[in-house]
Amino acid sequence: MKNKIQQLISDSFQEIIDIRRHIHANPELSFHEYKTSAFIQQKLTEFGIPFDNNIAENGVVGYIRGKKPNKKVVALRADFDALPIEEANDVPYKSQNHGVMHACGHDAHTASLLGASKALKHIEGELEGTVKLIFQPAEERLPGGASLMIKAGVLENPTPSGILGQHVHPILEAGKVGFCPGMSMASADEIDMTIYGSGGHGAMPHTTVDPIVITSHIITALQQIVSRNCSPIIPSVLTFGYIQSKGGTYNIIPDAVSLKGTFRTMNEEWRFEAHKLMTRMATMMATSMGGKCDFDIAVGYPFLINDTNLTNRCKEAAIEYLGKENVVDIPQRMTSEDFAYYTQEIKGCFYRLGVRNEARGITSGVHTPTFNIDEEALKVGAGVMAWLTVKELASAKI
């Protein structure tokens, strides 16, 4: 069976590349992936795979029903939205949509799943159960396409025993995959904060309430929420990536300052306690300095936990498919993913797909305008996903 899958993937390899390049050249932002969704439906139709569409608007779910379809159900997931980034790569398949780019590898995720789907369809009669193919929009924007698809019933009728997903990993060489059982990725919340004061001439600060000075104190103090209120064994990160005054310049103290930031952790109890502490600290400090603070937290994705047994089985299956030298252990990350919503509902395994090729200069990280992948990774991405599915279905208890 392994040799059969490897041959099927090899036979379809150029098509998988073409799929990835088409999606890459035609990126669409979260909640606007209409053409990408239609393209996925077109490919599933070509492969003879039945599907449901219009799930959470642009989501698509395909079905491959093997012998004894009720014996076990395994779900596979790929996302397909892009980011608001202008691509800087000089490649034939460069983004044709100004200011929009597949800078996080979702084009590769979808191409890999479509490639795996085609291979699994060819061996449908030999599969011990049903494969649910989840093509998900809007991973990059809250509330996350995963949460919307779950609300729409994507994990019902039939309910999978587990779900597999993969993500490009530019740190890891193409040809390799990485696994992290247990707690794998952090929750992520978005912070919007506005500090109000009373502006005026920069030479006469005593006649103003300076929101920039207030802001500087609040930013420094909020770091103590992590360093002095959180147990050191709980990973936590608080970062502000945007600060903008409203009306200030060299010699003008503004009336207000706006900030945007992210708070991430791997403990749900501490997560919401931190929300209260940050809100109280920021608002009380602003008040004590004569200003006012509006502090808003948009609760984002939960932490992602890989089921230990499922992930260990997948790791062993990947070793069987790729060889031990091409399967590595990877550490926890403070990045986040809305795949986490699935792992809160059913057993999940979210693993990493190496896409790096230093000899070809393919080394940029995700969310950058020069991100790219070594397309040889697509052969691994599609093949491993198909093989893990076969092994999981075969592990069903009679």
Side-chain angles (χ1 to χ4, degrees), residues 29-32 81-86 98-101 103-104 138-144 147 186-230 236-265 270-302 334-336 338 366-369:
L29 294 175
S30 306
F31 303 107
H32 297 277
D81 55 325
L83 287 162
I85 294 176
E86 181 70 22
H98 177 69
V100 185
M101 177 191 174
C104 200
E139 189 279 326
E140 297 287 355
R141 290 286 304 277
L142 296 182
S147 69
S187 61
D189 302 316
E190 295 179 351
I191 299 172
D192 284 281
M193 180 167 52
T194 301
I195 310 298
Y196 297 97
S198 178
H201 201 294
M204 296 182 289
H206 59 287
T207 65
T208 73
V209 176
D210 191 340
I212 290 180
V213 172
I214 297 173
T215 299
S216 67
H217 282 279
I218 290 175
I219 290 175
T220 301
L222 285 176
Q223 295 302 323
Q224 297 176 30
I225 298 295
V226 172
S227 67
R228 291 296 178 268
N229 291 273
C230 177
S236 290
V237 169
L238 174 63
T239 296
F240 287 96
Y242 172 95
I243 303 177
Q244 180 67 55
S245 71
K246 297 182 178 180
T249 186
Y250 298 103
N251 61 348
I252 299 175
I253 294 172
D255 288 321
V257 177
S258 294
L259 300 90
K260 297 180 186 294
T262 183
F263 177 68
R264 297 162 184 252
T265 186
W270 159 243
R271 177 188 189 185
F272 292 102
E273 176 64 19
H275 291 182
K276 297 176 184 177
L277 292 172
M278 287 188 289
T279 302
R280 184 174 66 185
M281 179 176 284
T283 55
M284 293 183 70
M285 285 192 70
T287 299
S288 71
M289 298 178 74
K292 176 187 174 185
C293 175
D294 288 344
F295 196 97
D296 181 69
I297 301 178
V299 176
Y301 308 158
M334 296 307 291
T335 52
S336 66
D338 79 346
V366 295
H367 291 220
T368 68

Trainee: With sequence neighbours left out, write down each residue that passes side chain to side chain contact (heavy atoms under 4.5 Å, CB included) with A286, or none if nothing qualifies.
Mentor: I214, I218, C293

Trainee: Provide the full list of side chain to side chain donor-acceptor pair (under 3.5 Å) pairs with a residue in residues 272-293, sequence neighbours left out, each pair given once.
Mentor: D189-H275

Trainee: Are any non-hydrogen side-chain atoms of S30 and E139 less than 4.5 angstrom apart?
Mentor: no

Trainee: Which salt bridge (Lys or Arg N to Asp or Glu O under 4.0 Å) pairs, counting each pair once, include a residue from residues 192-201, with sequence neighbours left out?
Mentor: D192-K260

Trainee: Starting at CG of D296, measure out to CD1 of I191 and round the result to the nearest 0.5 Å.
Mentor: 9.5 Å

Trainee: Got a sec, which residues hit side chain to side chain contact (heavy atoms under 4.5 Å, CB included) with I225, two or more places apart in sequence or on another chain?
Mentor: L222, N229, W270, A274, L277, M278, M281

Trainee: I need the minimum non-hydrogen distance between G144 and Y301, along with the two atoms involved.
Mentor: CA-OH, 3.5 Å

Trainee: The criterion is side chain to side chain donor-acceptor pair (under 3.5 Å); which residues satisfy it with E140, sequence neighbours excluded?
Mentor: H106

Trainee: Do V299 and R271 have side chains that approach each other closer than 4.5 Å (heavy atoms only, starting at C-beta)?
Mentor: yes

Trainee: Considering non-hydrogen atoms only, spot the tightest contact between A186 and S336 and give its length.
Mentor: O-CB, 3.2 Å

Trainee: Atom OG1 of T194 and atom CD of Q244: how far apart are they, to the nearest 0.5 Å?
Mentor: 11.5 Å

Trainee: Give the minimum heavy-atom separation between S245 and I212, together with the two atoms involved.
Mentor: CB-CD1, 4.5 Å

Trainee: Out of curiosity, I85 CD1 to T368 OG1, how far, rounded to the nearest 0.5 Å?
Mentor: 7.0 Å

Trainee: Could you report the tightest heavy-atom contact between A256 and Y196, atom names first, then the distance?
Mentor: CB-CD2, 3.8 Å

Trainee: Please tabulate, one pair per line, all N/O donor-acceptor pairs under 3.5 Å involving side-chain atoms of residues 197-206, not counting sequence neighbours.
Mentor:
from : atom 1 : to   : atom 2 : distance (Å)
H201 : ND1    : A203 : N      : 2.9

Trainee: Please examine the side chains of I219 and I243, heavy atoms only from C-beta on, and report whether any two atoms are closer than 4.5 Å.
Mentor: yes

Trainee: So which heavy atom on L83 is nearest to which on C104, and how close?
Mentor: CD1-CB, 3.9 Å

Trainee: Applying salt bridge (charged side-chain N to carboxylate O under 4.0 Å, His left out), can you list everything that pairs with D294, at least two apart in sequence or on another chain?
Mentor: none

Trainee: With S258, which residues qualify under side chain to side chain donor-acceptor pair (under 3.5 Å), at least two apart?
Mentor: K246

Trainee: Can you list everything that forms a side chain to side chain contact (heavy atoms under 4.5 Å, CB included) with V226? Sequence neighbours excluded, please.
Mentor: S236, L238, F263

Trainee: Going by salt bridge (charged side-chain N to carboxylate O under 4.0 Å, His left out), name the residues that satisfy it together with D81, two or more places apart in sequence or in a different chain.
Mentor: none

Trainee: Which residues satisfy the side chain to side chain donor-acceptor pair (under 3.5 Å) test with S147, sequence neighbours excluded?
Mentor: none

Trainee: Does any part of the side chain of E86, heavy atoms only, come nearer than 4.5 Å to the side chain of M101, both counted from C-beta?
Mentor: no

Trainee: Side chain to side chain donor-acceptor pair (under 3.5 Å): which pairs involve residues 209-226, sequence neighbours left out?
Mentor: none

Trainee: Working to the nearest 0.5 Å, report the span between CG of D255 and CD1 of I195.
Mentor: 13.5 Å

Trainee: Report yes if some heavy atom in the side chain of I253 is under 4.5 Å from a heavy atom in the side chain of V213; otherwise report no.
Mentor: no

